[in-house]
Amino acid sequence: MIDTTDAQASTDQIIQLERAALDRWGKGDPSGFLELYASDITYFDPLTAVRIDGHQAMVNYYRPWIGKIQIPRYEMLNPHVVINGNLALLTYNLVNYINGANGGESVGSRWNSTTVYQRRGDTWKAIHSHWSFTRHPAFESMSPEASEGLDA
């Protein structure tokens, strides 16, 4: 059983690890996330047709993005960590901001993030990560029935 002090320290550590990875991602460096991932990581995002399995597969998946992502600022909203023994679940909403053509800042992508961490020794490693769009514009006015093809 993890006590309240350990739970808060673990919560803070997990959020700090995630923020550090997001900081690097915004500078075109996906290795921050790769360093968080366990060798047996599983992964989904809206661009994947199937689940990605394993660290090397994630290295391959991220390779084309190295140096190309530029996110000068982001907001991690509503971070929430639930810890149960050696497992932790981190969920949050992410808003990325980009530099617009006129030099001003604008909202870029919005995401929902879910990551399952496992304590391995003294560190937390991500064993599953799932990203989805938050209220993607293509679906904002879609009814639940239409999303399931039931509005015929």
Legend entry - side chain to side chain contact (heavy atoms under 4.5 Å, CB included) evaluation trace for Asn93 with Arg110: CA-CA 7 Å; Asn93 306 106; Arg110 294 175 178 264; over 6 Å; no
Inset, instruction - Please assess Leu94 against Ser113 for the test side chain to side chain contact (heavy atoms under 4.5 Å, CB included), listing each intermediate value before the final yes or no. - result: CA-CA 7 Å; Leu94 179 69; Ser113 178; 5.8 Å; no
Inset, instruction - Determine, stepwise, if the pair Tyr43 / Tyr37 fulfils side chain to side chain contact (heavy atoms under 4.5 Å, CB included). - result: CA-CA 10 Å; Tyr43 179 93; Tyr37 294 160; 3.8 Å; yes
Legend entry - Worked verdict on Glu75 versus Tyr97 for side chain to side chain contact (heavy atoms under 4.5 Å, CB included): CA-CA 8 Å; Glu75 291 179 303; Tyr97 293 88; 2.6 Å; yes
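Linking Ile, Leu, Val, Met, Phe, Trp and Tyr residues whenever their side-chain heavy atoms come within less than 4.5 Å leaves Val107 and Ile69 in two separate clusters. In the hydrophobic clustering of ILVMFWY residues, with side-chain heavy atoms under 4.5 Å counting as a link, Ile127 and Ile52 come out apart. Follow the hydrophobic side-chain contacts under 4.5 Å out from Tyr62 and you reach Tyr74 in the same cluster. Follow the hydrophobic side-chain contacts under 4.5 Å out from Trp124 and you never reach Leu87; the two are in separate clusters. Under the 4.5 Å side-chain heavy-atom criterion for ILVMFWY residues, no single connected hydrophobic cluster contains both Leu77 and Ile98.
Rounded to the nearest 0.5 Å, atoms CG (Asp29) and CD1 (Ile66) are 7.5 Å apart. For the atom pair CG of Leu22 and CG of Leu17, the computed distance is 11.0 Å after rounding to the nearest 0.5 Å. Atom NE2 of His55 and atom CG of Asn60 lie 10.5 Å apart (nearest 0.5 Å). Atoms CG and OH, from Leu36 and Tyr117 in turn, are 4.5 Å apart once rounded to the nearest 0.5 Å. Interatomic distance, Leu90 CG to Ser10 OG, rounded to the nearest 0.5 Å: 12.5 Å.
For the side-chain hydrogen bond (donor to acceptor under 3.5 Å, both in side chains) with Tyr92, the lone residue among Arg19, His80, Glu18 that qualifies is Glu18.
Between the side chain of Thr134 and the backbone N or O of Asn112, at least one donor-acceptor pair lies under 3.5 Å.
For Gln56, the CD atom counts as densely surrounded, since its 6.0 Å shell holds more than 12 non-hydrogen atoms of other residues, nucleotides or ligands. By the 6.0 Å contact criterion, CZ on Arg51 is open, its count of non-hydrogen atoms from other residues, nucleotides or ligands being 12 or less.
Of all non-hydrogen atoms in Ala88 and Ile14, the two that sit nearest each other are CB-CD1, 3.4 Å. Nearest heavy atoms, Tyr61 versus Pro64: O-CD, 3.3 Å. Of all non-hydrogen atoms in Glu35 and Lys125, the two that sit nearest each other are O-NZ, 2.6 Å. Minimum heavy-atom separation, Arg24 to Ser31: NH2-OG, 2.6 Å. A pairwise comparison of heavy atoms in Arg120 and Ser39 identifies NH1-N, 4.5 Å as the closest pair. Between Thr115 and Ala126, the closest heavy-atom pair is CG2-CB, 3.7 Å.
By the ring-ring contact (aromatic ring centres under 6.0 Å, His included) test, Phe44 pairs with His128, His130, sequence neighbours left out.
Counting only heavy atoms from C-beta outward, the side chains of Gln13 and Val81 never approach each other to under 4.5 Å. Annotation: side chain of Met58 is not in contact with side chain of Ser129 (no heavy-atom distance under 4.5 Å).
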